[in-house]
Each structure stands twice: as C-alpha cells, then as structure tokens.
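Chain naming here is simple, since letters A, B, ... match the order of the sequence lines and numbering starts at 1 in each. Excluded from the calculations below are hydrogen atoms, water molecules and symmetry mates; all remaining heavy atoms, backbone and side chain alike, are included.
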Amino acid sequence: MPATSRTFVKASLIYLGLGAMLGTLLLINRWVFLGTMIGSLRVSHIQFLVVGWLTQLIIGVAWWLFPPLAIGLRPGSPRPARRGQAQRGSEPLFWVTFISLNAGILLRSVFAPLHSWTEIGFFNTLAGISGLFLLTAAITFVVNVWGRVRELGRPR
Amino acid sequence: MPPIARTFVKAAFAYFVAAFLLGALMMLDRWLSFSRWLKVIYLSQLHLLMVGWITQLAIGVAYWMFPRFLKEQNPQPRGSDALAWAVLACLNFGLLLRFFFEPFYLMGPKPWMAALMALSGALQAVAALGFAWLIWGRIRAMEP
C-alpha cells in the first residue's frame, strides 16, 4: 500500500473512532442529559462517519487498488522514474485532495456546532466555506483517478 | 476470504436487504398506514444502512484485503482472531440493540430504554476502536 493511501486510511480510522464516540455521546445525552449543546454535535458525527470514515477510506483504497495508468507499459516506452507511484497519477494533486477533504471535514464539524452554540456569524461563514473544500477534494480526486478506471492489461 | 471476513460480509448483506425491506415498508406506510412503529424507525433504518451495510462491508473487505502482518511481526497474519470476533459481536449487538429499542423509545421515552441506547452506542464505539486497533499495524507498504 503506497504512503499516500496509508495516510488516507489511517485518517479514516481516526474519524471512525471519533464519529462513533460522538454517536455514543449523543445517545448518552438521551439518557443522562448533558446539556443542550450536545445535540449540535450531530453534524460532526455525520460528517466524521460519512465523509471522514467512509469516503476517505474509499478514496485511499481506490488510489491503492485501481488499475495503474499505462505509463511505461507500451513496448519501447521509457519506464517512469518512480514506477508504481507515477502510474497512480499525480501525487501532488492527491495531496491536494487529502488537504482539501480534511480541511472541509474539520471546518464543518468544528465551526457548525460552534456557530449554533455562540451564534457568531464568522463561524457560520467558516462552516459554509467547508463545502468549497469538499468540492475541491471531490473534483481533484475524480480528475486524478479518471484515467485509471479502465480495463486491466491493455494500454490506453 | 477468511471465515471472519465472510461473516462480516454476509452480515452486511443481511442488513442491506433488511434496510431496503424496511425502506419499502416505510414508503408503503405513507400510503397504507400499516403501523405507528414504521413512522419512528427512520433513524434505525438509516443506521442499518450506514453501519450494518456500508461500514460492516468496508470492515470485512479491509480485514480480508489489507496487507497481512509479516511472520516476524505477528504469527497471526491478520492479527488477533479473538479481537476480530469481538469487533463483529460488539458492532452487531450494539446495532441490533438500537434497532429493537429505539422505535419504542421514540414512541414513549423511558430511562431504561435510554440507558440501552447509550449501551448500544458504547458497544458500537468499542467495535470501531477495536477495528482501528486490529487493522492499524496492517496499513503498511507491501513487501517487494
């Protein structure tokens, strides 16, 4: 598994743990009332599990296992310097996906509850901006991996 | 595919069918009004899909396909079998506990039901942390 995928998968496991613990806190709050603020953490619970855990795991594993680009596979064509990694697509662009995705998750899951607790408008703006980060992550990942969605064994 | 992974995947398929069956009944209920119970199971049905189906499938496939431990790291190639079975048991017991009691809690909250909900959440969190512990060491570069 390449270092890029390992980072995604480890981050996804951290979000799985955090999301599950937040879910537990939400359920405990039904039993022992911990405060009105706890309910606002539902946004973070959903964000951590749906985007942080599942989406991030899928991206990491797809980057690892999808068919490689045909770079260096044609007869006589030069082998790339970093065979394997170069055949996965643009590594810098993949890191942009990672940073954007996690910035989006954290902005939303931190500032959306903070806004509902404090009513400070700036927090709402920051939570709103999270959508742009998540969109950037989605676009950069799809652009990067698009060429690898192909039949195995035949150069493109 | 090892037996534990097969159990995770088969359980995930069972939740997939059950959740879609409930979804169909919930849609029909809007028209035919079968039962009050069907009006309050939406959260449970959502968790059957997100935890029982998608998360459990991801866990089963990751347990099966992630790089195995090197012999010198761990004699068990996929890590502790006991821990993997414990993850399976906690995840499913927690999920089913929630599924069976949450609708009744929403129809008429009682403290003991709320305590069971909290227990179901704790069991699922234990399963999540147990899985992270189980798989963490296997997130590594493949040997050449």
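In this structure, the portion of B:Tyr105 lying under 4.5 Å from any heavy atom of chain A is its side chain and not its backbone. Neither the backbone nor the side chain of A:Val32 comes within less than 4.5 Å of any heavy atom of chain B. For chain A, no part of B:Leu46 is nearby; none of its heavy atoms comes within less than 4.5 Å. The contact between A:Leu16 and chain B is made by backbone and side chain atoms together, counting heavy-atom distances below 4.5 Å. Using a 4.5 Å cut-off between heavy atoms, A:Leu57 contacts chain B through its side chain alone, with no backbone atom that close.
Per-residue heavy-atom pair counts under 4.5 Å with chain A were compared for B:Leu129, B:Val51, B:Ile54, and the maximum is reached by B:Ile54.
A:Leu27 contributes atom CG, which lies 4.5 Å from atom CZ of B:Arg98 (distance to the nearest 0.5 angstrom). If you take CD1 on A:Ile46 and CE on B:Met50, they are separated by 9.5 Å, rounding to the nearest 0.5 Å.
Of all heavy-atom pairs between A:Thr24 and B:Ala122, the closest is CG2-N, 3.5 Å. Closest approach of B:Ala125 and A:Ala20 over heavy atoms only: CA-CB, 3.7 Å. Here the closest heavy-atom approach between residue A:Trp31 and residue B:Pro111 is recorded as CD1-O, 3.4 Å. Across all non-hydrogen atoms, the minimal contact from A:Met1 to B:Pro67 is CE-CD, 3.8 Å.
Within 6.0 Å of CZ on B:Phe69 lie more than 12 heavy atoms contributed by other residues, nucleotides or ligands. Within a 6.0 Å radius of CH2 in B:Trp53, more than 12 heavy atoms belonging to other residues, nucleotides or ligands are found. The local environment of CZ in B:Phe13 is sparse, with at most 12 non-hydrogen atoms from other residues, nucleotides or ligands closer than 6.0 Å. Other residues, nucleotides and ligands place more than 12 heavy atoms under 6.0 Å from the CZ atom of B:Phe34.
Classified by interplanar angle (parallel below 30°, tilted 30° to 60°, perpendicular above 60°), the ring pair B:Phe66/A:Trp64 is perpendicular.
A:Leu13 is listed as a side-chain neighbour of B:Ile139, based on a closest heavy-atom distance under 4.5 Å.
Placement of B:Met26 and B:Trp31 within a single hydrophobic cluster is found when ILVMFWY residues are connected by side-chain heavy-atom separations under 4.5 Å, directly or transitively.
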